[in-house]
Amino acid sequence: LAKTTQPISMDSYEGQEVNITCSHNNIATNDYITWYQQFPSQGPRFIIQGYKTKVTNEVASLFIPADRKSSTLSLPRVSLSDTAVYYCLVGDGSNSGYALNFGKGTSLLVTP
Amino acid sequence: GAVVSQHPSRVICKSGTSVKIECRSLDFQATTMFWYRQFPKQSLMLMATSNEGSKATYEQGVEKDKFLINHASLTLSTLTVTSAHPEDSSFYICSVGHGRGDNYEQYFGPGTRLTVT
């Protein structure tokens with residue numbers, strides 16, 4: 001499983017855009033990049049997933065450069081409720097039985 | 001609505017007793033489920049992969065005789081912490097994977113808080 005590295009913590013004010021970058025230098029050809037969000041005492045929740053270029057959904061965007069050795073999760077106009085831990089994971093998406101290897105995650109604190 | 005449920009949500013038990021945690025896949029049939037453990041202010045750690053109708057696959061360092069996993073149906077996996085000790089106190093989370101490739105997503109349960117006194 002490819003190892004990921006992301007900042008331990010980030011701070012932001014409400015209404016700002018937050019970008020969290022994750023390094024995954026050893027990403028394999030079959031690996032997809034997935035981001036999860038976790039609130040205290042809850043299970044992680046899927047945010048977004050991509051393989052290359054850019055992916056956007058109703059809550060976030062994911063930017064992946066051509067070499068796929070890093071990715072950036074972009075959260076537009078964060079609110080206080082976006083305070084959580086964000087995990088970047090890479091894994092083989094070729095089958096539905098692969099486990100996820102969680103790194104340390106990025107603890108995001110949003111303040112007024 | 002919830003895709004994966006866990007029961008109980010929290011449990012307190014005495015040292016030396018056993019505790020069973022249930023994980024149910026509500027929307028999908030799951031031949032594979034995953035069990036994670038999370039200590040305070042730490043990341044999730046994969047404990048084992050639960051396989052329907054066969055033995056679970058445990059990660060290195062996880063005692064299979066202490067953490068018994070049974071995956072008897074396509075919607076239910078159970079984790080039994082046997083002879084629990086205070087150091088087993090943790091947040092236990094299960095998950096179910098569904099789909100392939102860019103449609104793959106892993107759905108997590110709400111977690112079970114175990115406190116061993």
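Throughout, a chain's letter reflects where its sequence line sits, starting with A, and its residues are numbered from 1.
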Under 4.5 Å to a heavy atom of chain A? For B:L46 that would be side chain
Which atoms of A:S41 approach chain B - backbone, side chain, both or neither, heavy atom under 4.5 Å
both
Could you tell me whether the side chain of A:R68 and the main chain of A:K52 form a donor-acceptor pair under 3.5 Å?
no
Side chain B:T31, main chain B:E52, donor-acceptor under 3.5 Å
no
Pairs of heavy atoms under 4.5 Å with chain B: top-ranked of A:G50, A:G103, A:P44
A:P44
Out of B:Q38, B:R10, B:Q42, which one racks up the most heavy-atom pairs below 4.5 Å with chain A?
B:Q38
Which region of B:Q6, side chain (C-beta onward) or backbone (N, CA, C, O), has a non-hydrogen atom less than 4.5 Å from a non-hydrogen atom of chain A, or is it both or neither?
neither
Do A:T21 and A:T72 get their side chains close enough for a donor-acceptor pair, meaning under 3.5 Å?
yes
B:D88 bridged to B:K66 by N-O distance under 4.0 Å:
yes
Distance alone, cut at 3.5 Å: any donor-acceptor contact between the side chains of A:S79 and A:S81?
yes
B:Y36 versus chain A, the contacting section by heavy-atom distance below 4.5 Å
side chain
